J.: 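Pasting a structure below so you can have a look.
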Amino acid sequence: MLDLVDLGDPKITGLGEFASYSFIPSSLSVIYLNYAKKTNKWTLVLLFTLVSTLIEWIMIQIGYLKIKNGGFFIFSIIAYLGVFGVILPLHIKVIKKNLLYNK
């Protein structure tokens, strides 16, 4: 297990951590996939990377998210670009293929 960040109090698991890990990423992913088309893919990739980065930055600024190894923030931006640009489009392609196959 990589211990790179702490959300809230590192000794207590709370509702904020649950929301941060469960609802924020999945909600952004569903919204992205609903609007993503081949014509606007990279515009949305950049927009959702910006939104995700902004959410993370706000959490750092208010002290809720504590990054243990400085400089980790730039890796988050790279990860967001990879998720929205490659992983989610591949994920929805596999889901659609399996839905068509199982009809």
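Side chains are part of it too, since the values below use all heavy atoms of this structure and drop only hydrogens, waters and symmetry mates. For clarity, every value in this text was computed on a predicted model and none was experimentally measured.
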J.: Does Lys41 reach the main-chain N or O of Gly85 with its side chain, forming a donor-acceptor pair under 3.5 Å?
T.: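 Here the side-chain-to-backbone pair exists.
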J.: Would you say Val45 and Leu90 are hydrophobically clustered, going by side-chain heavy atoms of ILVMFWY under 4.5 Å?
T.: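 Not linked; separate clusters.
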J.: In terms of hydrophobic clusters joined by side-chain contacts under 4.5 Å, are Ile55 and Leu47 together?
T.: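 In one cluster: yes.
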J.: Determine, using the 4.5 Å side-chain heavy-atom cutoff (strictly less than), whether Phe75 and Phe48 are members of one ILVMFWY cluster.
T.: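 Cluster IDs for Phe75 and Phe48 match.
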J.: Taking Ile60 as the starting point, is it possible to reach Ile77 by hopping between hydrophobic residues whose side chains are less than 4.5 Å apart?
T.: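 Same hydrophobic cluster.
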J.: Which heavy atom of Tyr35 sits nearest a heavy atom of Leu44, and at what distance?
T.: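 Looking at all heavy atoms of both residues, the shortest contact is O-CD1, 3.3 Å.
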J.: Taking only residues two or more places apart in sequence or in another chain, which ones pass side chain to side chain donor-acceptor pair (under 3.5 Å) with Tyr80?
T.: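 By the side chain to side chain donor-acceptor pair (under 3.5 Å) rule, Tyr80 matches Glu56.
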J.: When you compare the side chain of Pro89 with that of Phe84, does any pair of heavy atoms fall below 4.5 Å?
T.: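 Counting from C-beta outward, Phe84 and Pro89 never come under 4.5 Å.
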J.: Which atom names give the shortest non-hydrogen contact between Leu88 and Leu33, and what distance separates them?
T.: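 It is O-CD2, 3.7 Å.
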J.: With the side chain counted from C-beta on, respond yes when Leu28 and Ser52 share a heavy-atom pair under 4.5 Å apart, and no when they do not.
T.: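 Contact flag for Leu28/Ser52 side chains = yes.
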J.: To the nearest 0.5 Å, tell me how far Ile58 CD1 sits from Gln61 CD.
T.: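 If we round to the nearest 0.5 Å, Ile58:CD1 and Gln61:CD are 9.0 Å apart.
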J.: When you measure from the side chain of Asn40 to the backbone N and O of Lys37, does any donor-acceptor pair fall under 3.5 Å?
T.: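 Yes; at least one donor-acceptor contact below 3.5 Å.
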J.: Any side-chain heavy-atom pair from Leu46 and Leu81 closer than 4.5 angstrom?
T.: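 Answer yes - side chains close enough.
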J.: Check the hydrophobic clustering (I, L, V, M, F, W, Y; side-chain heavy atoms under 4.5 Å; chains of links allowed) and say if Leu50 and Ile24 are grouped together.
T.: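 Each belongs to a different hydrophobic cluster.
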